Amino acid sequence: DDDDDDGELLKGYKVLADGRKTSYFTTTPDEKAAELLKAQAPPRKLDIVVDANTTNTTTEGGDFEEGQPIKKSASGSAWNAAGTTFEERPQTKWVDEHLKKHLAAAQVDGGMQVTNVKKLNGEASILISRGKARYVFDYSAVLEWQYASPDGKKVYKGTLHLPELSSTVTTHKYEQTLKNPPPDHHLREVLIPPFQEAVNAAVARFVADYQARVLR
């Protein structure tokens, strides 16, 4: 056996148990050592898989994460196309315009409607990090509303305060305070809930537009 080992040493290779030939200096780790090496191996890159019909993202590794759909075309600037470096892209100007447009359109047929977006204050940005885009906004608003009776004899006006229009509100149920509601109790019960739902729906439409925004 010693002669055989010397022969393999001179040849520069040895034969492993499975019949493979390898460098004489190659060592095969035992089971415990192999487990340690596996644990120290760098994490495998997971490719993000996007389902266009949902706001959830999954990875090929089977992990599940709540979040916004990740659009590769919107992942970052030209120098950060893969979105691997943290980047904040200001969106306040765009959000000012589009959120105002959606709020101004809120109305209920035969009921209350927004006549003016009196105040709209806040900031917005898209955050790029680890290949993911997060659409962030934090606003407050004051809307002027009006209701005219079908015969046109009664016209009521007031304001609706929205102190927290934020991307942290995931239910699309935003805090609302109605000022100067119609004096008639029955009329208030009939008019106000549908109007508030119309405002919530208007913000939800804005959020959908925002999350569909593609950056170049």
Side-chain angles (χ1 to χ4, degrees), residues 48-57 65-109 111-147 157-180 192 194-216:
I48 295 174
V49 180
V50 179
D51 182 349
N53 298 316
T54 182
T55 58
N56 297 326
T57 61
E65 177 181 354
E66 293 288 347
Q68 311 299 342
I70 307 304
K71 307 173 188 65
K72 290 186 177 180
S73 58
S75 58
S77 301
W79 58 268
N80 190 27
T84 54
T85 301
F86 177 81
E87 179 183 359
E88 180 175 5
R89 305 191 68 176
Q91 297 295 303
T92 300
K93 183 178 180 180
W94 188 93
V95 170
D96 283 352
E97 177 185 348
H98 288 78
L99 179 54
K100 183 176 182 179
K101 178 187 71 175
H102 282 288
L103 289 173
Q107 64 176 344
V108 178
D109 291 341
M112 300 167 66
Q113 64 179 3
V114 173
T115 57
N116 181 44
V117 179
K118 185 177 181 180
K119 293 182 180 179
L120 184 65
N121 300 309
E123 295 180 341
S125 60
I126 296 178
L127 305 181
I128 312 298
S129 178
R130 298 180 181 179
K132 295 182 180 182
R134 300 189 183 279
Y135 297 79
V136 178
F137 65 96
D138 187 14
Y139 275 75
S140 63
V142 177
L143 312 180
E144 294 180 339
W145 60 267
Q146 176 178 300
Y147 167 74
K157 298 180 180 180
T159 56
L160 180 68
H161 293 246
L162 302 163
E164 186 180 6
L165 298 174
S166 170
S167 51
T168 61
V169 180
T170 58
T171 60
H172 299 306
K173 300 292 184 182
Y174 300 94
E175 181 182 347
Q176 302 184 27
T177 302
L178 193 75
K179 302 290 186 179
N180 303 319
I192 294 175
F195 179 61
Q196 291 179 321
E197 286 302 314
V199 172
N200 284 333
V203 181
R205 287 190 290 271
F206 152 75
V207 172
D209 284 354
Y210 188 28
Q211 292 175 359
R213 180 159 166 70
V214 175
L215 302 180
R216 301 298 182 182

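Computed from a prediction, not measured in an experiment: that's the story for all the values here.
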**Whether F137 and Y139 hold their rings parallel, tilted or perpendicular, with breakpoints at 30° and 60°** = tilted

**Asked** Got K179 and K157 here, is their nearest side-chain heavy-atom distance under 4.5 Å?
**Response** no

**Request:** With side-chain contact (heavy atoms from CB on, under 4.5 Å) as the test, would you mind laying out the steps for Q176 and E164 before giving the verdict?
**Result:** CA-CA 9 Å; Q176 302 184 27; E164 186 180 6; over 6 Å; no

**Request:** Looking only at non-hydrogen atoms, find the nearest pair between S140 and P163 and report the distance.
**Result:** CB-O, 3.6 Å

**Asked** Atom CG of L160 and atom CD of E144: how far apart are they, to the nearest 0.5 Å?
**Response** 11.5 Å

**Message:** Check the orientation of F206 and Y210. Use parallel for under 30°, tilted for 30 to 60°, and perpendicular for over 60°.
**Reply:** parallel

**Asked** Say you draw a straight line from CG of L162 to CG of L120; how long is it, rounded to the nearest 0.5 Å?
**Response** 9.5 Å

**Asked** Can you find a heavy atom in the side chain of V169 that is under 4.5 Å from one in the side chain of V203?
**Response** no

**Prompt:** Does a side-chain heavy-atom distance below 4.5 Å link L127 with S129?
**Reply:** no

**Request:** Check ring-ring contact (aromatic ring centres under 6.0 Å, His included) between H102 and all other residues, then give those that pass, not counting sequence neighbours.
**Result:** none

**R205 versus A198, closest heavy-atom pair with distance** = NH2-O, 4.4 Å

**Prompt:** Rounded to the nearest 0.5 Å, how far does CD of Q196 lie from CD of E175?
**Reply:** 11.0 Å

**Asked** Hey, is NZ on K101 packed in by over 12 heavy atoms from elsewhere, all under 6.0 Å?
**Response** yes

**Item:** K93 and E123 ion-paired at < 4.0 Å
**Value:** no

**Request:** Measure across A124 and T92 and return the closest heavy-atom pair with its distance rounded to 0.1 Å.
**Result:** N-OG1, 3.0 Å

**side-chain contact (heavy atoms from CB on, under 4.5 Å) partner of K118, chosen from N116, T115, V114** = N116

**Item:** Minimum-distance pair of heavy atoms, taken over all atoms of S166 and D138
**Value:** CB-OD1, 3.9 Å

**Prompt:** Which distance, rounded to the nearest 0.5 Å, do you find between the CG of L99 and the CG of L165?
**Reply:** 6.0 Å

**From M112 atom CE to Q146 atom CD, the distance as rounded to the nearest 0.5 Å** = 10.0 Å

**Prompt:** If you look at every heavy atom in A141 and L103, which pair is closest and at what distance?
**Reply:** CB-CD1, 4.2 Å

**Asked** Between the main-chain N or O of Y174 and the side-chain N or O of N200, is there a donor-acceptor pair closer than 3.5 Å?
**Response** yes

**Point-to-point distance, once rounded to the nearest 0.5 Å, from NZ of K119 to CG of L143** = 12.0 Å

**Request:** Can you see which heavy atom on W94 is nearest to which on H98, and at what distance?
**Result:** O-ND1, 2.9 Å

**Request:** Compute the centroid of each ring, for F195 and then for Y147, and state whether the two points are separated by less than 6.0 Å.
**Result:** no

